[in-house]
Amino acid sequence: MKPITLAKAYEPAKYESKIYKRWLASGFFNPDNLNLPADAPTYTIILPPPNITDRLHLGHAAMLAIEDLFIRYKRMSGYRTLWLPGTDHAAIATQTVVEKKLKQEAGKSRHDLGREKFLKKVWEFLKATQAIILKQIETMGASLDWSRLAFTLDEPRQAAVKEMFVRLYEAGLLYRGERIVNWCPHCRSTLADDEVEYREQPAELYTFRYDADFPLAIATTRPETKLGDTAVAVNPADPRYKKFIGQTLRANFCGQELNLKIIADRQVVMDFGTGALGVTPAHALADWQLAEANNLPVVKVIDEHGLIREGFGAFSGLTAVAARQAIVAQLRADGLLEREETISNNLSVCYRCGTAIEPLPSRQWFVAVDKPVAQLNNQSLKQAALAAADMGQITFVPERFTKRYWDWMNNLRDWCISRQIWFGHSLPVWYRGEEIYVGRTAPAENGWTQDSDTLDTWFSSSMWTFSTLGWPDNFADGQKQGDLAKYHPTQLMDTGYEIITLWVSRMIMMSLFATGEIPFATVYLHGMVLDKQGKKMSKSKGNGIDPMAMVKLYGADAVRLSLLIGTTPGTDFRVSEDKIAGYRNFTNKFWNIARFILLNINQPQSDLKPPPGQTLADRWILEELAQTITEVDRQLADYNFSRAGEQLEKFTWDSLADWYLEIAKIEGDKGAILNYCLNTLLKLWHPFMPFMTETIWLQIYGQDKLLMVEAWPTADRPERVATADMAVIKELIVGIRAARSANKLEPAQKVKAVLYAGERQALLQAQAELIKNLRTGIGELAIEASGRPLAEAIYSSVGGIEVYLIAAVDAAKEKLRLEKDFVNLEKFITGLEARLANAEFTAKAPPAIIQQETDKLRRAQSDLAKITERLNKL
RNA sequence: GGUCGCUUGGCUCAGUUGGUUAGAGCGCGCCGUUCACAUCGGCGAGGUCAGUGGUUCGAAUCCACUAGCGACCACCA
């Protein structure tokens, strides 16, 4: 029989892509191909789709590692396991990328090309780019069912989105309304509230009067918008302004006639600025709300390009910033500017391009979240989604995020879903004059034009859990069938905590509406990957670690381990190359453990039961392993994969490699136990480091038997060992090791005999003998072992063994140390003497140095004498 | 302003219902290593668990307050 030997070191690059191909060829990524009983429970994760233009970053890699861990764990545990892959069209992000590219390569904007040609460019670009991220996902070892690959903008998803839109419309949950939206003049698109970022920065606050006769002064950071003021708001309790409330005052503001109604509102802060607020309904959300409450006219000042509209004299056509400067200059010239101060202002900017947001009134489509509908048992989307969390039907991990979800849902406003960009899902909406038609297909008659807007990316994302499983075709007549019946609702949604609001809450609402089901049982929120300094990794900062480069250097398994272990749910964590390199060391260590074990097994068996232990060490390692299995299962059930990994690491490196393998070298003949330990460890580690474990498994057991579908180990052992006994056994093993390094230590040999004996009777006899020979008198203690637990017997019989061992070990250590010191000192002295005897040295060296060396020699000689004395005593 | 989180050895972090001597990895020091592995082994130094007060037989852990840091939400124009 040909012995199985592994290469001396693990070289991941040699095996990884081969192994992945082997997995693909097996077909087991697709749950339909698993040989399972019909009633096997399902376990589904739908992959949060990365943007199709993305390159894999460590955040993706972490997500993949986490999800693959659970998928592989559940697959081995007998679940019908589906992990469904996909990509996101990321409308705005993708369009921005292509626009940038167009500008760089051809110097053109999207408007130069026109809609049709531009979209063609986008699709060409996607075709070229989409394969990259998918390939990178494979590199990480993700066991995704590629046969079900989806894209948020592919044909089936377009149909699903259209269907959803129509159904929402028919249910009365969609409406078209004018509202202040967050407009990005650069992207020329509306942004959702949560796509707006805030930047704290200094801003000039101007205090002025509209004209010389105006009785109140107002304060603003945006004087240019004041051209569109239609009211001044004051606090009703403000004594300064009480008398004006209700009046309408005229003013000539920089040549513009304004009719300003003085209104009262409690939200106006009396001690900010002058306590009087110029109300510009068209260009501030709060002002818009004031206008609605007070029936104020709306005057638009700024257009979609961020320029002052027609009808504002010399200011028309200026950018907002230029107009601001012009107006401030004029106010100053007219002596109307009372104050100018720098305050700290929270500027709203576009999360995509960083341009300052221009609030503008605009016609948009909205999802009504507060309107009760029949489909949700006369609850609103908001109520239904809140109820789902309230009933404990969704578990958030960690639990504290439940509250965040709750707070967000409670404050949710109607969701603006139309976007003024070209790339994305088109709205199934057509207009003819004032008529609106919403339907699955275009109206037959002439004269209708389709809405030119596209849908918010999150609209299609919100349908992800069921659109990927064949909704609506698989939901005819409200009955689930096919994949939807089999795999929905899903078990786990793993995503970053930062999009719990953007995404998770909307998935819950949309799924409840479309299928009546909560889309997932558990939401696992992972933290962000930070760099070594604790900064968020980003391309612009250049502090990102490229996972692909790391895989190349250290292997995918090492990268995975570094992202799984040492992390805590919902908490950001730091990753550095050092950490990855550390786990590369571990993978190599594991490889060599396997290598060593294989050298000690005659004929490896893949389905070995735990063999009976012959010695204490055997029982100890089997018990440790069984406990490790239990612990790993427990931790994984709580999503504490980091701790599961740490437990495994501890067992593998400490218990097995550093202790048991050393004992095995002494005791010999451990084939069966080592075989069992290796098999079990390969299985336990597989979800963490699939490539290496599978590589080893295949090298041992041949190409027909894949580790990825082996059964997950159970915590079996031939004989249960009590925890207290474990402590004692560990002590004995420590004794053996110490005895070994102390060379020939008689009594320790006895301990070794104990270990060989294995039998309790033999053990007790050996102990008795040991104790009899002890000088301390402890030997007088009787061993009354019969009928008592091992540990108790040993403890009662001694302190004996312990005291003895400690004394012996200490003495041995001391002796060893002294001997070592002796040898080293002797060498040192010889060297010094030689140097001092060297004529060249004594001639050329400065006297101070010679003196130093002589002193050293003297000290060393006296130390040596002391050591000799002590050695003689031992 | 509101909410949540964090503060543990030089660094990064664990510490699961409060329980003997607070752990790990990296780093550091010393020693070793042709016999699975230097991508290794052994030994060691290093912590008043941010501070104060409280509850308790017992607190890193629970409570209150204080300080520093971070995130999210809202937003004063």
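Within every chain, numbering begins at 1; the chains are lettered A, B, ... in the order of the sequence lines, protein sequences first and strands thereafter.
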**Q** Consider the side chain of A/Lys226, meaning its heavy atoms from C-beta on, and name the nucleotide among B/rC13, B/rA77, B/rU39 that approaches it most closely.
**A** B/rA77
**Q** I'd like to know if the side chain of A/Ser642 and the backbone of A/Gly566 have a donor-acceptor N/O pair within less than 3.5 Å.
**A** yes
**Q** In whole angstrom, what separates A/Asn411's CG from B/rC73's P?
**A** 12 Å
**Q** Over how many whole Å does the gap from A/Leu530 atom CG to B/rG70 atom C1' extend?
**A** 10 Å
**Q** A/Arg400 has a side chain; which of B/rC76, B/rG42, B/rG5 sits nearest to it?
**A** B/rG5
**Q** With heavy atoms under 4.0 Å as the rule, sort A/Ala286 into base, sugar-phosphate or nothing.
**A** sugar-phosphate
**Q** Without decimals, in angstroms, what is the distance between A/Leu561 CG and B/rC26 P?
**A** 14 Å
**Q** Taking the side chain of A/Thr221 as heavy atoms from C-beta outward, which of B/rA77, B/rG41, B/rA36 is closest to it?
**A** B/rA77
**Q** So what does A/Ala657 touch, heavy atoms closer than 4.0 Å: a base, only the sugar-phosphate, or nothing?
**A** base
**Q** Take atom CG of A/Leu599 and atom C1' of B/rC35, then tell me their distance rounded to the nearest Å.
**A** 11 Å
**Q** Specify the separation, in whole Å, of atom CZ of A/Phe396 and atom P of B/rG5.
**A** 16 Å
**Q** Under 4.0 Å, heavy atoms only, any strand: does A/Glu498 hit a base, just the sugar-phosphate, or nothing?
**A** nothing
**Q** Take atom CG of A/Asp638 and atom P of B/rG15, then tell me their distance rounded to the nearest Å.
**A** 12 Å
**Q** Describe the nucleic acid contact of A/Ser642 in one word from base, sugar-phosphate, nothing, applying a heavy-atom distance below 4.0 Å.
**A** nothing
**Q** Restricting to ring pair (Phe, Tyr, Trp, His ring centres under 6.0 Å), what partner residues turn up for A/Phe214, sequence neighbours left out?
**A** A/Tyr210
**Q** Can you tell me, in whole Å, how much space there is between the C1' of B/rU8 and that of B/rG47?
**A** 7 Å
**Q** Look only at the side chain of A/Asn600 and the backbone of A/Phe596, and say whether a donor-acceptor pair between them is shorter than 3.5 Å.
**A** yes
**Q** Between B/rA36, B/rC13, B/rU39, which one does the side chain of A/Ala9 approach most closely?
**A** B/rU39
**Q** Any base atoms under 4.0 Å from A/Lys403, or only sugar-phosphate, or nothing? Heavy atoms, all strands.
**A** sugar-phosphate
**Q** Looking at A/Lys589 and B/rC37, is any side-chain donor or acceptor paired with a base atom of the opposite kind under 3.5 Å?
**A** yes
**Q** Please say which of A/His526, A/Arg404, A/Arg400 ends up in a side chain to side chain contact (heavy atoms under 4.5 Å, CB included) with A/Tyr497.
**A** A/Arg404
**Q** What about A/Arg643: does its side chain form a donor-acceptor pair under 3.5 Å with the base of B/rU16?
**A** yes
**Q** Grab the OH-C1' distance between A/Tyr497 and B/rC72 for me, whole Å please.
**A** 9 Å
**Q** Which value, in whole Å, describes the distance between the P atoms of nucleotides B/rC30 and B/rG68?
**A** 42 Å
**Q** Should the pair A/Trp503 and A/Trp458 be assigned to parallel (<30°), tilted (30 to 60°) or perpendicular (>60°) ring geometry?
**A** tilted
**Q** Which comes earlier along RNA chain B counting from the 5' end, the contact point of A/Asp572 or that of A/Gln647, where each point is its nearest nucleotide?
**A** A/Asp572
**Q** Side chain of A/Arg584 only, please: which of B/rA36, B/rU39, B/rA71 is the nearest?
**A** B/rU39
**Q** Residues in salt bridge (Lys or Arg N to Asp or Glu O under 4.0 Å) with A/Glu204, at least two apart?
**A** none
**Q** Counting the atoms with a prime plus P, OP1 and OP2 as sugar-phosphate, which does A/Trp406 contact under 4.0 Å by heavy atoms, base, sugar-phosphate, or nothing?
**A** nothing
**Q** Check the distance between B/rC13's P and A/Phe641's CZ and give it to me in whole angstrom.
**A** 16 Å
**Q** For the residue pair A/Trp685 and A/Phe688, does the interplanar ring angle fall in the parallel (under 30°), tilted (30 to 60°) or perpendicular (over 60°) class?
**A** perpendicular
**Q** From B/rA36, B/rU39, B/rC76, pick the nucleotide closest to the side chain of A/Asn588?
**A** B/rU39
**Q** Taking the side chain of A/Lys8 as heavy atoms from C-beta outward, which of B/rU16, B/rA36, B/rA77 is closest to it?
**A** B/rA36
**Q** Describe the nucleic acid contact of A/Arg574 in one word from base, sugar-phosphate, nothing, applying a heavy-atom distance below 4.0 Å.
**A** sugar-phosphate
**Q** Please pick, from B/rA36, B/rC76, B/rG42, the nucleotide with the shortest atom-to-atom distance to any side-chain atom of A/Asn592.
**A** B/rA36
**Q** Using purine N1 to pyrimidine N3 plus N6-O4 or O6-N4 for Watson-Crick, or N1-O2 and O6-N3 for G-U wobble, each under 3.5 Å, what pairs with B/rU34?
**A** none
**Q** Between B/rU16, B/rC40, B/rU3, which nucleotide gets closest to the side-chain atoms of A/Asn585?
**A** B/rC40
